[in-house]
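Heavy-atom basis, side chains included; hydrogens, waters and symmetry copies ignored.
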Amino acid sequence: MKWFNSVIIIFMPLVPKPIVRIFSKKYVAGDKLDDAVRAVRELNGQHIMATLDVLGESTTDEQETHLYVEEYLRVLQIIEQEKLDCNVSLKPTQLGMLIDKELAFSNIRRIVEEAKKHANFVRIDMEDSNCTTDTIDIYERLRAEFDNVGIVLQAYMRRSVADLTKISRRPANFRLCKGIYIEPREIAYKEPSIVNMNFGFLLEKALQAGSYVGIATHDEKVVWSALRTIDQLGLKPDAYEFQMLFGVDEQLRRILVQAGHRLRVYVPYGKQWYRYVMRRLKENPQIAIYVLKALFKK
Ligand SMILES: Cc1cc2nc3c(=O)[nH]c(=O)nc-3n(C[C@H](O)[C@H](O)[C@H](O)COP(=O)(O)OP(=O)(O)OC[C@H]3O[C@@H](n4cnc5c(N)ncnc54)[C@H](O)[C@@H]3O)c2cc1C
């Protein structure tokens, strides 16, 4: 079946956008903020926290970056108005990092400053390896000024252990994930079992350093190893949270919540869904087959 998945991945970019749009419904809350608010309310009703992501990345037009800032400010306002248990996640390239690093810094700073006024929190997502150094730099400058900002470390990156040590000099709030971009072997582990071991190693190191960690995975092997570390360190449930993506493994979500762990779901919304959904489908081509089957059943 592995070869079949590889074939699906190669041909995925040829799939017409309206078809990909069908798959998007699984991973994206909708086009509008109202759709996202509805999804978050439903999650909160199941004792699940959320993080809202305005879809968009690799922006090349400065004016567009300002529109994204305005949208995030609106999101923060609505979260407070609607009393949602929800923070926000954003991408530096969406906010101008490919145009000018200082533009991205000042855009993200505005959002973090506004979040602070609303007693809320901003997570800076980690994109491909061309962005890692600048993203960490932006985070460190913001963290020197604000305590309501966090970053992401990717377990597949060889540099992550050094980055963790550097960032942990101040109390930090990390999201730890495997990493989704395609990176060369020189800088990233390619062997899945090593990525999993590095995930466990980084998690233990971060928790031991007193960081709050968002354990972002749907891999039960990684979840099990995280639960073992949490138990060994005798941590209370407020020292960490599990994080999962909208549309992925709702059963595992329920298992973790029922066991008393905090859980947050990443809820993306907006018109720029194409790249996000293509990454998700490449991660799990099996889903494409399920969706097609479901279509034909109808
Ligand atoms: C909350 C959150 C935030 C993230 N933020 C970032 C980020 O900032 N930067 C970054 O590089 N990556 C990010 N990721 C993606 C992450 O790096 C992984 O690519 C992704 O989570 C898949 O890895 P996994 O740990 O779930 O393990 P995998 O081994 O990939 O998956 C384990 C199992 O989960 C299920 N699964 C996984 N993905 C899917 C899917 N798309 N559809 C259906 N089932 C699926 C499958 O059953 C699979 O067997 C984030 C992930 C999460 C959960």
Side chain to side chain, [X] and [Y], heavy atoms closer than 4.5 Å:
X      : Y      : result
Asp134 : Cys131 : no
Tyr156 : Glu183 : yes
Tyr139 : Val149 : yes
Lys166 : Glu140 : yes
Arg158 : Tyr189 : yes
Met244 : Leu252 : yes
Leu103 : His66  : yes
Ile187 : Met157 : yes

Discussion item. Both conditions, 6.0 Å and 45 degrees, for the charged tip of Arg141 above the ring of Phe105: are they met here?
Written reply: yes
Practice prompt. Step by step, work out the side-chain contact (heavy atoms from CB on, under 4.5 Å) result for Asp31 and Tyr269.
Written response: CA-CA 6 Å; Asp31 280 357; Tyr269 80 93; over 6 Å; no
Is [X] salt-bridged to [Y], cutoff N-O under 4.0 Å?
X      : Y      : value
Glu113 : Arg110 : no
Glu145 : Arg109 : yes
Asp231 : Arg228 : no
Arg170 : Asp147 : no

Item to complete: Applying side-chain contact (heavy atoms from CB on, under 4.5 Å), run through Tyr181 and Gln154 and close with a yes or a no.
Response: CA-CA 10 Å; Tyr181 300 87; Gln154 296 152 320; 4.0 Å; yes
Discussion item. Set out, in order, the CA-CA distance, both residues' side-chain angles and the distance that settles side-chain contact (heavy atoms from CB on, under 4.5 Å) for Ile124 and Ile108, then state yes or no.
Written reply: CA-CA 9 Å; Ile124 306 176; Ile108 298 173; 4.2 Å; yes
Of all the heavy-atom pairs spanning [X] and [Y], show the shortest one and how long it is.
X      : Y      : answer
Ser168 : Ala209 : CB-CB, 4.2 Å
Asp125 : Thr135 : O-CG2, 4.0 Å
Ala172 : Ile167 : CB-CG2, 4.0 Å
Ala115 : Val122 : CB-CG2, 3.6 Å
Cys177 : Val152 : SG-CG1, 3.7 Å
Phe246 : Ala39  : CE1-CB, 4.0 Å

Cluster link [X] to [Y], ILVMFWY, side chain under 4.5 Å:
X      : Y      : value
Ile180 : Ile136 : no
Leu90  : Leu84  : yes
Leu227 : Phe201 : yes
Trp224 : Met197 : no
Leu233 : Ile215 : yes

Taking the side chain from [X] and the backbone from [Y], do they hold a donor-acceptor pair closer than 3.5 Å?
X      : Y      : answer
Thr165 : Val161 : yes
Arg143 : Pro171 : yes
Asn107 : Val69  : no

I'd like to know if the side chain of [X] pairs up with that of [Y] as donor and acceptor (distance under 3.5 Å, no hydrogens or angles considered).
X      : Y      : answer
Glu127 : Thr93  : yes
His118 : Glu114 : yes
Gln94  : Thr59  : no
Asn196 : Lys178 : yes
Tyr212 : Glu241 : yes
Asn173 : Arg123 : yes
Tyr68  : Gln272 : no

Count the heavy atoms belonging to other residues, nucleotides or ligands that lie under 6.0 Å from [atom1] of [X], then report whether that count exceeds 12.
X      : atom1 : result
Gln208 : CD    : yes
Gln251 : CD    : no
Lys271 : NZ    : no

Can you tell me how far the [atom1] atom of [X] sits from the [atom2] atom of [Y], to the nearest 0.5 Å?
X      : Y      : atom1 : atom2 : result
Glu220 : Ile255 : CD    : CD1   : 6.0 Å
Asn120 : Ile111 : CG    : CD1   : 12.0 Å
Leu95  : Lys91  : CG    : NZ    : 10.5 Å
Arg262 : Lys236 : CZ    : NZ    : 14.0 Å
Tyr27  : Leu55  : OH    : CG    : 14.0 Å
Glu204 : Ser225 : CD    : OG    : 8.5 Å

Fill in: Parallel, tilted or perpendicular: ring planes of His261 versus Tyr240, cut at 30 and 60 degrees
tilted
Practice prompt. Carefully, step by step, assess Arg159 and Thr133 under the rule side-chain hydrogen bond (donor to acceptor under 3.5 Å, both in side chains).
Written response: CA-CA 10 Å; Arg159 59 178 285 173; Thr133 300; 2.9 Å; yes
Fill in: Residues forming a ring pair (Phe, Tyr, Trp, His ring centres under 6.0 Å) with His218, sequence neighbours excluded
none
Worksheet entry | All salt bridge (Lys or Arg N to Asp or Glu O under 4.0 Å) counterparts of Lys221, not counting sequence neighbours | Asp219
Discussion item. Before you tell me yes or no, could you show the steps for Leu245 and Val267 under side-chain contact (heavy atoms from CB on, under 4.5 Å), namely the whole-Å CA-CA distance, both residues' side-chain angles and the distance that decides it to 0.1 Å?
Written reply: CA-CA 7 Å; Leu245 299 172; Val267 181; over 6 Å; no
Quick one: side chains of residues 43-53, donor-acceptor pairs under 3.5 Å with protein atoms, not counting sequence neighbours, listed by atom name and distance.
from, atom 1, to, atom 2, distance (Å)
Asn44, OD1, Asp85, N, 2.8
Asn44, ND2, Ile48, O, 2.8
Asn44, ND2, Asp85, O, 3.3
Thr51, OG1, Asn87, OD1, 2.6
Thr51, OG1, Ser89, N, 3.3
Thr51, OG1, Ser89, OG, 2.8
Asp53, OD2, Tyr266, OH, 3.4

